Amino acid sequence: MTAAPPGRKSCTVGVYLFDDVEILDFAGPYEVFTTASRLSHRATPASPEPFTVCTIARTRDLVRARAGLLVQPDYSAARHPSLDVLIVPGGVVTAELAEPEVLRWIAGVARGKTLTASVCTGAFLLAKAGLLAGRSATTHWEDVDELREMFPDLSVRTGVRWVDEGPVVTSAGISAGIDMSLHLVERLAGRDLALRTARQMDFDWTENA
């Protein structure tokens with residue numbers, strides 16, 4: 001895709017946070033979408049910015065990410081704006097997998113025609129929420145075997161930075177979330193903006209072959 005459809009409205013991107021979330025898993029996509037909006041506004045100040053980005057957690061209490069970084073979510077899962085894109089990062093997802101309300105929330109957001117994407121082990125949450133059944137997906141190389149074992153109906157791919165299945169997109173580990181997010185910028189707002197965003201971030205965008 002080389003250009004976004006004309007007249008596309010601004011997309012609201014929600015990034016889900018939880019204790020022991022991998023920092024770059026959520027910070028990388030956050031940086032991509034906010035940088036894309038900043039560059040778009042700089043080029044065409046009169047036009048709506050393509051992305052509005054917020055963070056969401058189970059509650060608005062502080063989240064302790066991996067390595068102890070404290071993050072204040074913008075919204076709770078019970079009360080947040082309508083989302084066009086939901087990013088589910090990875091990290092230590094064991095506790096989240098055991099929370100039925102989290103899985104119901106992810107599934108419910110996806111049913112609202114939200115483009116849902118995961119980074120790294122966030123794929124386990126999408127799979128447990130029922131979003132990946134019968135689809136292809138990827139995750140961190142270290143977790144591929146476990147994902148296959150837990151979800152045998154899922155076709156797990158390796159050697160790719162992301163897998164785009166239309167309404168659901170998954171990425172490989174950690175830094176691959178940046179590659180995937182640039183792909184989503186291209187898909188939603190055009191290739192030119194994605195390329196300019198990668199350049200602004202001084203990031204060597206690795207695209208799928």
Side-chain angles (χ1 to χ4, degrees), residues 1-2 4 8 11-18 21-40 50-56 65-66 83-91 93 106 109-110 113-127 129 131-132 135-144 147 151 154-209:
M1 183 180 296
T2 59
R8 179 181 290 278
C11 290
T12 300
V13 180
V15 182
Y16 184 62
L17 301 179
F18 51 91
V21 63
E22 187 73 48
I23 295 169
L24 192 58
D25 278 17
F26 75 83
Y30 192 99
E31 182 75 11
V32 168
F33 289 110
T34 55
T35 298
S37 278
R38 187 171 72 249
L39 292 177
S40 178
F51 305 104
T52 301
V53 189
C54 64
T55 54
I56 304 168
R66 294 192 85 170
L83 302 179
D84 300 290
V85 180
L86 172 64
I87 305 291
V88 179
V93 297
I106 292 173
V109 170
K113 297 187 178 178
T114 298
L115 171 58
T116 309
S118 67
V119 182
C120 195
T121 53
F124 285 78
L125 291 170
L126 299 196
L131 303 187
L132 298 179
R135 299 182 187 272
S136 296
T138 193
T139 189
H140 192 286
W141 61 265
E142 197 172 39
D143 301 288
V144 163
L147 186 63
F151 305 99
L154 177 60
S155 175
V156 181
R157 296 180 58 189
T158 59
V160 293
R161 299 297 278 173
W162 69 84
V163 175
D164 189 331
E165 285 276 1
V168 183
V169 185
T170 56
S171 83
I174 311 178
S175 66
I178 299 176
D179 290 316
M180 179 191 71
S181 296
L182 288 165
H183 164 69
L184 294 178
V185 169
E186 177 183 7
R187 178 173 155 179
L188 297 168
R191 183 167 180 81
D192 176 69
L193 182 57
L195 290 171
R196 287 192 289 123
T197 300
R199 178 171 173 77
Q200 179 69 26
M201 292 175 61
D202 237 342
F203 184 74
D204 186 9
W205 182 16
T206 303
E207 301 185 66
N208 283 340

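Since the model is a prediction, treat every value here as computed from it, not as a measurement.
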Once rounded to the nearest 0.5 Å, what's the spacing between atom OG of S171 and atom CG of D179?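 If I round to the nearest 0.5 Å, the distance is 8.5 Å.
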
How far does NE2 of H183 sit from CZ of R191, to the nearest 0.5 angstrom? 11.0 Å

Closer than 3.5 angstrom, by distance alone: can the side chain of [X] be matched with the main-chain N or O of [Y] as a donor-acceptor pair?
X    : Y    : result
T170 : T138 : yes
D84  : T12  : yes
S181 : G177 : yes
T121 : G91  : yes
T34  : E31  : yes
T139 : C120 : yes
T35  : T197 : no
N208 : R161 : yes

Is the closest side-chain heavy-atom distance between [X] and [Y] below 4.5 Å?
X    : Y    : answer
C54  : I56  : yes
F203 : I178 : yes
S136 : E165 : yes
T55  : Y30  : yes
V32  : F51  : no
L24  : V119 : no
V93  : V88  : no
I87  : L184 : yes

Parallel, tilted or perpendicular: which fits the ring planes of W162 and W205, with parallel below 30° and perpendicular above 60°? parallel

Which residues share a salt bridge (charged side-chain N to carboxylate O under 4.0 Å, His left out) with R135, sequence neighbours left out: none

Can you confirm whether more than 12 heavy atoms, excluding those of R38, are under 6.0 Å from its CZ atom?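 Check passes, neighbour count above 12.
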
Under a 4.0 Å threshold between the charged nitrogen and the carboxylate oxygen, would R66 count as salt-bridged to D25? no

Start with the C-alpha distance between F124 and D143, add both sets of side-chain angles, then the distance that settles side-chain contact (heavy atoms from CB on, under 4.5 Å), and finish with yes or no. CA-CA 9 Å; F124 285 78; D143 301 288; 3.9 Å; yes

